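Take a look at the structure set out below.
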2 protein chains.
Amino acid sequence: MPRNTAHIADGRYDLAEEPALVRFAALGLDGAAAATGLADAVARAYPVRARRELTSEGRAIAEPRLLLRGWAARVRLLPDGRRQFMSFLVPGDLIGMNAQPQPLAAATVIAVTDVVACRPPSIDDAPALADTYAVSAALDEAYLLAQITRLGRLNAQERIADLLLELHERLTLNGMAQGDAFELPLTQEVLADALGLTSVHVNRMVQQARRDGDLQWKGGRVTLTDPVALARKIGRIPPRVSAMQEAAAAVTPTA
Amino acid sequence: MPRNTAHIADGRYDLAEEPALVRFAALGLDGAAAATGLADAVARAYPVRARRELTSEGRAIAEPRLLLRGWAARVRLLPDGRRQFMSFLVPGDLIGMNAQPQPLAAATVIAVTDVVACRPPSIDDAPALADTYAVSAALDEAYLLAQITRLGRLNAQERIADLLLELHERLTLNGMAQGDAFELPLTQEVLADALGLTSVHVNRMVQQARRDGDLQWKGGRVTLTDPVALARKIGRIPPRVSAMQEAAAAVTPTA
DNA sequence: CGGAATTTTGAAACCTTTCAAATTGGGTGG
DNA sequence: CCACCCAATTTGAAAGGTTTCAAAATTCCG
């Protein structure tokens, strides 16, 4: 069974390490409240093969999804064959919940690896989820803005470092990072289409990052030598989850 | 009184031509329902001088705003002085209403010209506004995705044409375009910071667009020679408002 | 009219792409 | 376990698009 395809209901399954649960908790959700709804959601999980669509552009209504396993991405295809990845989605990320009655997805969501997704737990079942979803939506938007800045004002080296740092943070949030290392199931070509570069140039710049001692990348696994130093080096300003939680709390009087 | 500063309450004021009202109507809002709440909102309008902030990054809670006159923009400043415009805001656009309890703006909203804004009409006063705001939010996200594609996969010429086409569409939506012409109160430097280019190169490419007969641009006024042909030329796929309305309607049973 | 902001020009340096082609790596079938 | 194939990574050289740095020309405004 290919990496990332492992079905949820296998023997070694432990809800406490479920990336979605870890992420929700990191976003401020009470563990108990989370586990309830999530267990149900997980039970209804279904797999999607790599390269398949999770949602397609133009479809009338896209049902919201919660990604449980594997990586997905929001991508837009241009008429001439060029493509642009808007953002990557990792386990614990929500899909298509932003604009309330989220009508049209302005981009297609595809599975980058084999994936497992499910319907997100309903707010009706666990009201505490409302805050979590709001924080998640705010983070999603922050990531879109970060992507714009990356493409508009960073050079190739900075773009690569910045994106890897973001992914590292997000994988730390959902418990999938191992310290400064993490699995990166992306080809350099996919990375290039996310960073507005060619795969050839991504390759050259990654090699340089290796030579500079900024990172290791081998066999789908990336290790950042010193994330903090790297962030400083490229002047990265990450979105702060903690501040978001505070703000979300502020508008939701604990009545 | 500088252009765009004209206070709402001047002699020639006509609510029917209020860009915000025109835009809301274009997004599917019933004229009567709109006028009510909007008249109130307009009465509470206040001016903001060019270059001032409407909302700042990191502030705990940004109150939502409705832009009535002038242009604003969401911008992010980098530590080294570079800056990136995320999107432009024109009259009729809503600010900071996306993520429900919209906690942190991940970017600063600044007035590009002198501006007049107000608190948006409350949904409580006119329930029909809920749909309008939802469609507006969906469009906002579509514009962000368009910006990503622009920066990631279009060359300088295409970026300029694509953005001008988008702005033309949006100004047509709120009634501020005159056929294929519209006021563009942006310097080439601001445009450059939105397009991820230098102002020098924007200047050169605009000149080329003029030579190619694609547009006229003089004294803050742009005329597109043939918007449809230009869109085809650069392979532009605009976000479809109509489809969005349909979708929004679909999820809001006309009980 | 005068000064500041914006637009325009030029030449050279720089970063990124292009187009092939070679190399490596992983997975499959024998 | 090896041969083989396809996908992904790597390398080179040359072309191309964009930036840089100045400085000149225009336009806008008070």
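A, B, ... follow the sequence lines: proteins, then strands. Residue 1 opens every chain. Nothing here was measured: the structure is a model prediction, and the numbers come from that model.
- Under a cut-off of 6.0 angstrom, the local environment of CD in A:Gln178 is crowded, with over 12 non-hydrogen atoms contributed by other residues, nucleotides or ligands.
- Phosphate proximity of D:dG17 to B:Gln157: absent, as no side-chain N or O sits under 4.0 Å from OP1 or OP2.
- Here D:dT10 presents its P atom at 12 Å from CG of A:Leu191, a figure rounded to the nearest Å.
- The phosphate of C:dC15 (OP1 or OP2) has no side-chain N or O of A:Asn155 nearer than 4.0 angstrom.
- Spacing between atom CD1 of B:Ile160 and atom C1' of D:dG17 amounts to 13 Å, rounded to whole angstrom units.
- Atom CD in A:Gln216 sits roughly 17 Å away from atom P in D:dT9 (whole-Å rounding).
- Per the geometry, CH2 belonging to B:Trp217 stands 13 Å off P belonging to D:dC28, to the nearest Å.
- Summary of the strand contacts: A:Met205 and A:Lys218 both lie near DNA chain C, and taking for each the nucleotide with the nearest heavy atom, the more 5' one is attributed to A:Met205.
- The environment of CD in B:Gln157 is crowded: more than 12 heavy-atom neighbours from other residues, nucleotides or ligands sit within 6.0 Å.
- Of the charged side-chain nitrogens involved, none lies within less than 4.0 Å of a carboxylate oxygen, so that A:Arg69 and A:Asp114 do not count as a salt-bridged pair.
- Base contact: B:Val200 has a heavy atom under 4.0 Å from a base atom.
- A cation-pi arrangement is found for A:Arg170 relative to A:Tyr143, the charged atom lying closer than 6.0 Å to the ring centre and inside a 45° cone about the ring normal.
- Going from atom NE2 of B:His201 over to atom C1' of C:dA11 covers 14 Å, rounded to whole Å.
- A donor and an acceptor atom sit less than 3.5 Å apart, one in the side chain of A:Arg204 and one in the base of D:dG12.
- The environment of CZ in B:Arg51 is sparse: at most 12 heavy-atom neighbours from other residues, nucleotides or ligands sit within 6.0 Å.
- Ranking C:dT16, C:dT18, D:dA8 by closeness to the A:Arg51 side chain, first place goes to D:dA8.
- Of all nucleotides listed (C:dT7, D:dA13, D:dT9), C:dT7 comes nearest to the side chain of B:Thr187.
- Checking C:dT6, D:dT9, D:dT18 against every side-chain atom of B:Ala156, the shortest atom distance belongs to D:dT18.
- Within 4.0 Å of A:Arg210, counting heavy atoms only, lie sugar-phosphate atoms of the nucleic acid but no base atom.
- A sub-4.0 Å separation between OP1 or OP2 of C:dA5 and a side-chain N or O of B:Gln188 is absent.
- Here the C1' atom of nucleotide D:dT26 and the CD atom of B:Gln207 are 12 Å apart, to the nearest Å.
- Atom-to-atom, CG of B:Leu195 to P of D:dT19 comes out at 10 Å; the value is rounded to the nearest Å.
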